[in-house]
Amino acid sequence: MASFQICGGCCLDGEVSIQGSKNAALPILSACLLAPGVTKLYNCPRIADVYNMLKILENMGCRTSLGRECAVIDTSSAITGKISQEDSRAMRSSLTLLGALLGRLGRVSLPWPGGCSIGKRPVDLHLDALARMNISVKTTEAGLECQSAQIRGTHIKFPYPSVGATENVILASVLAQGTTVIENAAKEPEVVDLCHFLNEMGASIHGMGTGCITVYPVKRLKNVSYRIMSDRIVAGTYLTAAAATGGNVTVAGVRERDIRSVLDVLADMGCGIIVRPSRVQVIAPQAMLAPDTIHTRPFPGFPTDMQSQMMVCLTAAMGDSEIREDIFEDRFKIVPQLKKMGAKIQIHKNKAFIQGRQTLCGADVEAQDLRGGAALVIAGLMAQGETQVAGTSFIERGYEDICKDLGQLGARISRI
């Protein structure tokens, strides 16, 4: 098993470019199925989840390639609507194939998807919405069977702004019969990026980025070249690492509005924030302050994908902190690993209470999910001595080369 070996005690300093967004690339790759032909995606991250998605597309009959410049997806050939159990279990985001395959073929057979174990993450919102669009939905112990002779647009009001359910409804509705209105839609930048991509292909989607998205149907879509947005969670991870290590880091290629909630917390902790076009700089204070209670919320609130990284940072703050996790019920798996390093954290239901002014010590720890793994890397950078983070496969699902990026900023880190 591979691991990251980290020698702590370095202040991160410098500038790093941010890779393409994982959470934008995956639904966009699914959306390529809606237009037979060749699509080119620039700034597509070369991460494990993207490689897994490309493998799924290839096993369905597509031809794909992923180079340094772009990903090329050829959907000209006949494709199958059946996804293997092995492919589906490799990643949660295979669920976005549901809406895309229904839009292309009118049918899909999908085993229950896998991914990080961070909670139940039910698919009821997806299935209930699709059923309202004249789609037959059958669930078994093995997975999902969906089909429709004619998908029909309708009015859907989500009880919760689910990113995945919003994306699936959009993908299923762009070629449907009739207009679809989605109320309480997810506002995340990745959903907006998917809509921009589909509109470039010829779709007619309005209201993205607001709580009400309207999809007017079109008869066909065309192939395009498109540049995927940068990854706001990777940017937030590196800026939080700068604060945690007393550093000064600039991330290039990211939009300030996409990470505003993270910057607001860092500012509350005493960090200096400098915003330039497509660049954000964080300068750590001499002593970080404990912020007000952090609540994870849908965008534009504080992202659940940044909760673990911020928790690590708070162990060094002057004062005690509280994090309330309101998105996933199992996002605190990192806590026992941090306690090995000397962190003092107590969990009560969906709340974490972090005692500040702690000096972490190097230890052998293990990543159990993607963002928790990245947080353990930050803990290793903060700690005295050496830290070994096992479970690199989790981290490599979302970070192209975290050793290279952090090494460029002065971290002493290597993959062994």
Side-chain angles (χ1 to χ4, degrees), residues 4 12-29 41-51 66-71 93 188-194 196-197 226-245 247-266 271-284 299-300 302-310 312-313 370-371 373-375 377-378 381 394-411 413:
F4 293 131
L12 299 187
D13 184 78
E15 179 172 310
V16 63
S17 295
I18 301 302
Q19 67 188 59
S21 168
K22 163 187 174 293
N23 291 334
L26 297 174
I28 286 174
L29 285 168
L41 298 176
Y42 293 88
N43 204 35
C44 189
R46 289 172 296 149
I47 54 176
D49 268 13
V50 165
Y51 285 115
L66 177 57
R68 288 194 170 274
E69 291 296 320
C70 69
S93 297
E188 272 69 7
E190 296 81 8
V191 175
V192 175
D193 211 36
L194 171 64
H196 285 321
F197 172 69
Y226 187 79
R227 183 174 181 83
I228 295 168
M229 65 176 282
S230 294
D231 197 306
R232 63 190 174 106
I233 304 302
V234 172
T237 298
Y238 294 163
L239 292 176
T240 302
T245 61
N248 181 344
V249 168
T250 299
V251 293
V254 69
R255 297 176 301 209
E256 176 266 345
R257 67 179 182 270
D258 292 345
I259 56 171
R260 184 70 260 169
S261 61
V262 176
L263 296 177
D264 285 344
V265 172
L266 291 173
C271 293
I273 310 292
I274 300 175
V275 177
R276 304 182 185 90
S278 300
R279 275 173 169 74
V280 177
Q281 182 179 2
V282 164
I283 306 166
F299 189 86
F302 190 87
T304 183
D305 279 354
M306 279 299 305
Q307 180 255 101
S308 296
Q309 300 93 308
M310 190 58 71
V312 171
C313 192
L370 167 56
R371 305 307 174 185
V377 170
I378 296 176
L381 296 173
F394 283 106
I395 301 168
E396 289 161 352
R397 285 188 48 231
Y399 296 81
E400 274 191 353
D401 193 339
I402 198 169
C403 289
K404 178 183 175 183
D405 288 345
L406 294 175
Q408 184 178 320
L409 299 173
I413 178 173

Report the distance from atom CD1 of Ile378 to atom OH of Tyr238, rounding to the nearest 0.5 Å. 9.5 Å
Side chain to side chain contact (heavy atoms under 4.5 Å, CB included) against Asp13, all qualifying residues, sequence neighbours excluded: Asn248
Distance (rounded to the nearest 0.5 Å) between Ile233 CD1 and Gln309 CD: 7.5 Å
If you look at every heavy atom in Ala71 and Leu66, which pair is closest and at what distance? CB-CD1, 3.6 Å
Minimal heavy-atom distance between Gly20 and Asp231, with the atoms involved, is O-CB, 3.6 Å
Residue set satisfying salt bridge (Lys or Arg N to Asp or Glu O under 4.0 Å) with Asp401, at least two apart, ordered chain then number -> none
Quick one: CD on Glu69 to CG on Asn43, what's the gap to the nearest 0.5 Å? 10.5 Å
Could you check if a side-chain atom of Ile228 sits within less than 4.5 angstrom of a side-chain atom of Tyr42, using non-hydrogen atoms only? no
To the nearest 0.5 Å, what is the distance between CE (Met306) and SG (Cys313)? 9.0 Å
Testing the 3.5 Å rule here: is there a donor-acceptor pair between the side chains of Tyr51 and Arg397? no
Quick one: are Ile18 and Arg232 in side-chain contact, heavy atoms under 4.5 Å? no
Going by the rule salt bridge (Lys or Arg N to Asp or Glu O under 4.0 Å), which residues pair with Asp193 if we only count those two or more places apart in sequence or in a different chain? none
Quick one: are Ile402 and Phe4 in side-chain contact, heavy atoms under 4.5 Å? yes
Would a 4.5 Å heavy-atom cut-off, applied to side chains only, mark Lys22 and Leu370 as touching? yes
By salt bridge (Lys or Arg N to Asp or Glu O under 4.0 Å), which residues pair with Arg279, not counting sequence neighbours? Glu15
What closest approach, in Å, do Ile47 and Glu400 show between heavy atoms, and which atom pair accounts for it? CG2-N, 3.5 Å
Can you list the residues that meet the ring-ring contact (aromatic ring centres under 6.0 Å, His included) rule with Tyr226, with sequence neighbours excluded? Phe197
Would you say Thr245's side chain and Leu12's backbone share a donor-acceptor pair under 3.5 angstrom? yes
Any side-chain heavy-atom pair of Leu263 and Leu239 under 4.5 Å: yes
Non-hydrogen side-chain atoms of Pro300 and Ser261 separated by less than 4.5 Å: no
Can you tell me how far apart CG (Leu26) and SG (Cys44) are? Round to the nearest 0.5 Å. 8.0 Å
Side-chain heavy atoms of Ile274 within contact of Val280, under 4.5 Å: no
Would a distance-only check, ignoring hydrogens and angles, find a side-chain to backbone donor-acceptor pair under 3.5 Å from Ser230 to Gly253? yes
Smallest heavy-atom separation, Pro189 atom then Asp258 atom, equals CG-OD1, 3.5 Å
Which pair of heavy atoms, one from Thr237 and one from Ala374, lies closest together, and at what distance? CG2-CB, 4.2 Å
Sub-4.5 Å side-chain heavy-atom contact between Arg46 and Arg68: yes
By salt bridge (Lys or Arg N to Asp or Glu O under 4.0 Å) - contacts of Glu188 (at least two apart): none
Closest non-hydrogen atom pair, Leu409 against Gly14: CD2-C, 3.5 Å
From CG (Leu266) to CD1 (Ile283), nearest 0.5 Å: 12.0 Å
